[in-house]
Amino acid sequence: HIKHTEGGDFRQATYRAVRQGLMSAESVLLEPWYSVTMTVPTENTGRAITDIQNMGGELTPRDAIENMTVLEGRAPVSKMRSYARTLAAYTHGLGALSCAFCGYEPAPEQEAIIEAAGYDPEADIENTPDSVFCQNGAGTVVKWSEVPGRMHLPPALKPKTEAVHEPARREVTAYSGTIEQDKELMKIFTRTYGEVKPREFMTPPPRVSEEPETREIRIQPEETEYLLVDGYNIIFAWDELKSIARDSLDSARAKLAELLCNYQGFKKCEVILVFDAYKVPKNPGSVEKFGDITIVYTKEAETADSYIEKATYEIGKDHKVRVATSDGMEQLIILGHGALRVSATAFHEEMEAVLGRIAAILRDMDKKENSREIERALNKAKGK
């Protein structure tokens, strides 16, 4: 409800929903594994293979170099922690060991490990599985085990006895996947809060037929499109910007702003780039122009999410609005305000297409200019 709900509530609801699922379903305890490359004297090959097998891993010879053998395999991290010292001891310093993380596998003796940890999920207040329901205008905490009996949506988890038939999978592009998600979210939003009729989903009213001689032709002004970009979200979602940010976040911000200036010039839309500055003490926030785009730094205690939510609500009353972000938490509110969400992946593809078009136009202009230069030179040679 717009009166009681804020952007952060959806994030908190997601955390609680994940915990609810973990409490309701059976979990499997996983442990990290290493991929292992070992070089040992040939006479120690059997000892090395036996040691790794005793750890529950596997190790096989790859090749031999003079009197040394190279072995490759996998082993659990928990068993490999002190093995480098053991290897050095029985090979008299001639052995070499290289380990790299390669994924997770189910841990053995899971019940014993869990019991030894002594973790009580219901006592973890910071990561509670309980839910909050609105009752008599106030938030009421409901124990996780009582939630299924009080919630108004059907449970997603199916009991073991019930056969679950998975739909046939189909390959989709990143953008079409996003559209499917948005349609499903719109269905949930409509069931929960009532029908929403943003401009993008409304059918145009039927035209009233008029006689040709009395029909008046009116040209409607073209509607301005606004694009709101969650700055840091895009920076850390695009590999090229993320690599720049590792050395300088300022350079990454400047590069994104430069790309959006080119995008804005080609698309002729209004671009608003939003950066989080909510952790800066006493920060009043700022709005500045960079080329033809607007850059917003949020004020203290205001996140980019909350700013974008408010902006889509206000701008969406009169204009078409799109929001570029990979933060799934924003999508439900954005849809409710009549805006469209563009994932970071889909927006990256769109940006590459725009930059490609710009480069093609510049190449074409350069060819025409060179052609005119040649023509002028020939005319001069002819004495014209």
Side-chain angles (χ1 to χ4, degrees), residues 11-63 68-131 141-149 151 155-166 169:
R11 182 174 285 105
Q12 183 64 220
T14 302
Y15 295 154
R16 291 171 183 262
V18 171
R19 298 287 288 187
Q20 167 83 28
L22 290 171
M23 296 294 288
S24 304
E26 291 184 6
S27 299
V28 177
L29 182 65
L30 304 178
E31 65 173 338
W33 275 54
Y34 279 144
S35 63
V36 177
T37 302
M38 198 182 304
T39 303
V40 298
T42 303
E43 63 268 20
N44 298 130
T45 301
R47 164 72 187 272
I49 293 174
T50 301
D51 285 351
I52 299 302
Q53 288 177 343
N54 290 338
M55 296 177 189
E58 54 188 24
L59 196 66
T60 56
R62 187 184 69 183
D63 52 40
M68 304 292 286
T69 301
V70 180
L71 306 161
E72 285 187 343
R74 300 166 66 250
V77 173
S78 59
K79 304 291 186 179
M80 291 291 296
R81 287 175 179 166
S82 60
Y83 191 69
R85 290 195 296 270
T86 304
L87 176 67
Y90 73 76
T91 62
H92 305 289
L94 298 176
L97 174 65
S98 175
C99 298
F101 172 73
C102 68
Y104 292 89
E105 296 287 346
E109 302 176 355
Q110 299 192 18
E111 293 183 4
I113 296 173
I114 293 171
E115 185 177 351
Y119 176 68
D120 182 2
E122 296 189 61
D124 189 348
I125 299 175
E126 293 185 0
N127 301 286
T128 177
D130 298 337
S131 294
V141 176
V142 177
K143 189 175 176 61
W144 71 269
S145 56
E146 300 173 5
V147 167
M151 66 186 190
L157 295 173
K158 306 294 182 184
K160 275 188 173 182
T161 54
E162 184 177 338
V164 180
H165 301 285
E166 293 188 1
R169 295 186 179 183

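Between the side chains of Gln12 and Arg16, at least one donor N or O lies within less than 3.5 Å of an accepting N or O.
A donor-acceptor pair under 3.5 Å is absent between the side-chain atoms of Thr128 and the main chain of Ile125, judged by distance alone. Although no hydrogens or angles enter the test, the distance criterion places a donor-acceptor pair under 3.5 Å between the side chain of Gln110 and the main chain of Leu29. Between the side chain of Ser131 and the backbone N or O of Val142 there is no donor-acceptor pair closer than 3.5 Å.
The two residues Pro129 and Arg19 come nearest to each other via the heavy atoms CA-CB, 3.5 Å. In this structure, Pro76 and Gly57 approach most closely via the heavy-atom pair CD-N, 4.3 Å. Taking each heavy atom of Gly73 and Leu59 in turn, the nearest pair found is N-CD1, 3.6 Å. The two atoms that bring Ala48 and Val40 nearest to each other are CB-CG1, 4.4 Å, heavy atoms only. Across all non-hydrogen atoms, the minimal contact from Asp130 to Trp144 is OD1-N, 3.0 Å. Contact record, Asp51 with Tyr83: OD2-OH, 2.8 Å, taken as the closest heavy-atom pair.
With a 4.5 Å cut-off on side-chain heavy atoms, Pro106 and Leu30 count as touching. Using a 4.5 Å heavy-atom threshold, the side chains of Pro148 and Gln20 count as touching. Proximity of Ser78 to Met55: side-chain heavy atoms (C-beta onward) are nowhere separated by under 4.5 Å.
Between Thr39 atom OG1 and Asn44 atom CG the span is 12.0 Å, to the nearest 0.5 Å. Note that the CD atom of Glu122 and the CG atom of Asp124 stand 11.0 Å from one another [nearest 0.5 Å]. Note that CG of Leu94 and CD of Glu43 are 8.5 Å apart. Values are rounded to the nearest 0.5 Å. Atom-to-atom distance recorded for Glu126:CD and Tyr15:OH is 12.5 Å, nearest 0.5 angstrom. A distance of 10.0 Å separates NZ of Lys79 from CG of Asn54, quoted to the nearest 0.5 Å. Taken to the nearest 0.5 Å, the CZ atom of Arg47 stands 8.5 Å off from the OG1 atom of Thr50.
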Which is it for Leu97 and Met80 under the side chain to side chain contact (heavy atoms under 4.5 Å, CB included) test, yes or no, and what are the steps along the way? CA-CA 10 Å; Leu97 174 65; Met80 291 291 296; 4.0 Å; yes
